Amino acid sequence: MEVVEVGLKHDREGFVKGDDSLLGHGAEGVVKRVKFLGRDAVVKERVSKDYRHPTLDRLLSSRRLAQEVKTMARCRKLGIACPALYYV
């Protein structure tokens, strides 16, 4: 199973609606199993924080997402096993 890291809702084009199951949730987001372009995948949806100003929340979320993508790319380049990213 591969990982799809998204900052958008998972009902965008390519995802199969209604074919998702909750794998877990935490402070940063919700993790679901989905079909993406016909393949099994995992989606991490970031949850907005009501206690933060919306602008700050978007900024922090986008920076964290970018850092996660860079870290996973570095791991792959070094030969460390990590999930493939299909869509960000």
Side-chain angles (χ1 to χ4, degrees):
M1 187 166 311
E2 304 294 336
V3 167
V4 179
E5 179 76 34
V6 295
L8 304 171
K9 295 291 182 193
H10 68 273
D11 58 358
R12 298 286 178 160
E13 188 174 329
F15 291 97
V16 177
K17 285 186 178 181
D19 189 27
D20 58 349
S21 60
L22 183 67
L23 295 176
H25 59 84
E28 291 215 6
V30 177
V31 180
K32 296 179 182 179
R33 178 177 296 158
V34 299
K35 287 279 189 187
F36 180 71
L37 299 176
R39 300 179 81 172
D40 288 333
V42 174
V43 170
K44 178 180 176 185
E45 287 185 58
R46 293 206 176 264
V47 179
S48 63
K49 308 293 183 191
D50 294 334
Y51 57 84
R52 281 193 201 132
H53 189 279
T55 304
L56 176 61
D57 191 55
R58 281 191 300 274
L59 177 67
L60 290 174
S61 291
S62 66
R63 284 186 179 175
R64 288 179 181 154
L65 175 65
Q67 187 59 46
E68 286 180 20
V69 170
K70 288 177 187 177
T71 301
M72 291 176 78
R74 287 182 193 135
C75 287
R76 274 200 175 263
K77 189 174 182 179
L78 294 171
I80 299 170
C82 66
L85 296 173
Y86 290 150
Y87 182 78
V88 178

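Residues take their numbers from the sequence shown, with the count starting at 1. Values in this document were obtained by computation on a predicted structure and should not be read as measured data. Just so you know, these numbers use all the heavy atoms, side chains as well, and skip hydrogens, waters and symmetry mates.
Not counting sequence neighbours, the partners of R52 by the side chain to side chain donor-acceptor pair (under 3.5 Å) test are D57. Residues meeting the side chain to side chain contact (heavy atoms under 4.5 Å, CB included) test with V30, sequence neighbours left out: L22, H25, K32, V47.
Between Y86 and F36, the angle of the ring planes stays under 30°, which puts this pair in the parallel group of the 30/60° scheme.
Note on V88: it clusters hydrophobically with M72, by side-chain heavy-atom contacts below 4.5 Å among ILVMFWY residues.
Under a 3.5 Å cut-off, the side chain of R76 and the backbone N or O of C82 do form a donor-acceptor pair.
Atom NZ of residue K44 and atom CD of residue E68 lie 3.5 Å apart, to the nearest 0.5 angstrom. Between the CG atom of L60 and the OG1 atom of T55 there is a distance of 11.0 Å, given to the nearest 0.5 Å.
The two residues E28 and K49 come nearest to each other via the heavy atoms N-NZ, 4.2 Å.
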